[in-house]
> 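Quick one: this structure, given as C-alpha cells, is what I'll be asking you about.
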Amino acid sequence: MVSYYICRVIFPDSESVPKGLAWIFNITSYFGIESNTALPVIISWFLSVTFAFLTNRIYVFDSRADTAGKFIVEMLKFYASRIATLLVDLLIMFLLVDLTGIENVLYEFCAKVFSNCVVLVLNYILSKIFVFRAGKR
C-alpha cells in the first residue's frame, strides 16, 4: 500500500511518467480510458512480490529448495502465479477507480484495500497449491 501511494504521488499523471514507463501508464488507452492506477500497481507489485517471495519461502512455507535450480524454479513459479493476481489487481482497480471516474482519495484507498484482500487470498492459494507444495520438496 505504501509503495502504491508513493508511486501515485510521484506519477500522478501522464506528464510525470518517464518515457520508458509511459507504455505502462497508457496501457488502458486501448480501451479509450486513461489509467492513473496501472503504473503504481505494477511498480508496487514488483517490489512487494520480491519481498514476499523471500519471506514466504523462509517463514510461511518453510521451503526446502536446496539447489540453485530448485530455487530458480520456485522463484519463477512464484512470479508466474503473482502475474495472474497482478492482472486481477489491475482489473479491480481499473473497474473501481478508473472506469467509474470517482476521484476521491478515500474511495481509491478503499478500492485498493478491497483489491489487496482479494489478491492476498488468491496469492496464498496459488502459493500453497502451485509454488511451495509440501509433497514436492
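Note that these values count all heavy atoms, side chains included, but never hydrogens, waters or copies made by symmetry.
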> With the side chain counted from C-beta on, respond yes when Ile6 and Ile10 share a heavy-atom pair under 4.5 Å apart, and no when they do not.
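A side-chain contact under 4.5 Å exists here.
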> Measure from the side-chain N and O atoms of Tyr107 to the backbone N and O of Leu96, and report whether any donor-acceptor pair falls under 3.5 Å.
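Flag set: sc Tyr107 to bb Leu96 pair under 3.5 Å.
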> To the nearest 0.5 Å, what is the distance between CG on Leu126 and CD1 on Ile83?
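Leu126 CG to Ile83 CD1: 12.0 Å, rounded to 0.5 Å.
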> For Thr55, enumerate each residue passing the side-chain hydrogen bond (donor to acceptor under 3.5 Å, both in side chains) test, keeping only those at least two apart in sequence or located in another chain.
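With neighbours one apart ignored, the set is empty.
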> To the nearest 0.5 Å, what is the distance between CZ on Arg8 and CD on Glu108?
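Reported value, rounded in 0.5 Å steps: 4.0 Å.
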> I'd like to know whether Phe130 forms a side chain to side chain contact (heavy atoms under 4.5 Å, CB included) with Ile125, so could you lay out the CA-CA distance, the side-chain angles of the two residues, the decisive distance to 0.1 Å, and finally the verdict.
CA-CA 8 Å; Phe130 180 63; Ile125 292 168; over 6 Å; no
> Show every donor-acceptor pair shorter than 3.5 Å between a side-chain atom in residues 110-118 and any protein atom, with sequence neighbours excluded, or say none if there are none.
from	atom 1	to	atom 2	distance (Å)
Lys112	NZ	Asp89	OD1	3.2
Lys112	NZ	Asp89	OD2	2.8
Ser115	OG	Asp89	OD1	2.4

> To the nearest 0.5 Å, how far apart are OG in Ser127 and NZ in Lys77?
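Between atom OG of Ser127 and atom NZ of Lys77 there are 11.5 Å.
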> Please identify each residue that fulfils side chain to side chain contact (heavy atoms under 4.5 Å, CB included) with Ser48, with sequence neighbours left out.
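Side chain to side chain contact (heavy atoms under 4.5 Å, CB included) list for Ser48, sorted by chain: empty.
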> Measuring from atom CZ of Phe46 to atom CZ of Phe51, what distance do you get when rounded to the nearest 0.5 angstrom?
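It comes to 14.5 Å.
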> List the residues meeting side chain to side chain contact (heavy atoms under 4.5 Å, CB included) with Leu54, not counting sequence neighbours, and say none if there are none.
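Not a single residue meets the side chain to side chain contact (heavy atoms under 4.5 Å, CB included) criterion with Leu54.
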> How long is the straight-line distance from CG of Asn104 back to CD1 of Ile102, given to the nearest 0.5 Å?
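So the CD1 of Ile102 and the CG of Asn104 are separated by 8.0 Å.
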> Parallel, tilted or perpendicular: which fits the ring planes of Phe53 and Phe71, with parallel below 30° and perpendicular above 60°?
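Perpendicular.
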> Would you find a donor on one side and an acceptor on the other, under 3.5 Å apart, between the side chain of Trp45 and the backbone of Pro40?
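No; judged by distance alone, with no hydrogens or angles, the pair does not exist.
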> With a 4.5 Å limit on heavy-atom distance, are the side chains of Tyr79 and Glu74 in contact?
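Answer no - side chains too far apart.
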> Could you list the residues that satisfy side chain to side chain contact (heavy atoms under 4.5 Å, CB included) with Ala52, not counting sequence neighbours?
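Applying side chain to side chain contact (heavy atoms under 4.5 Å, CB included) to Ala52 gives Asn56, Phe78.
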> Give a yes or no on whether the backbone of Phe109 and the side-chain of Tyr5 come within a donor-acceptor separation of less than 3.5 Å.
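Present.
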> Measure the spacing between CG of Leu47 and OG of Ser3 and express it to the nearest 0.5 Å.
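Taking CG in Leu47 and OG in Ser3, the distance rounds to 5.5 Å.
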> Holding to side-chain hydrogen bond (donor to acceptor under 3.5 Å, both in side chains), I want the full list of residues that pass it with Thr85, two or more places apart in sequence or in another chain.
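Scan of Thr85 (side-chain hydrogen bond (donor to acceptor under 3.5 Å, both in side chains), adjacent residues dropped) gives Asn123.
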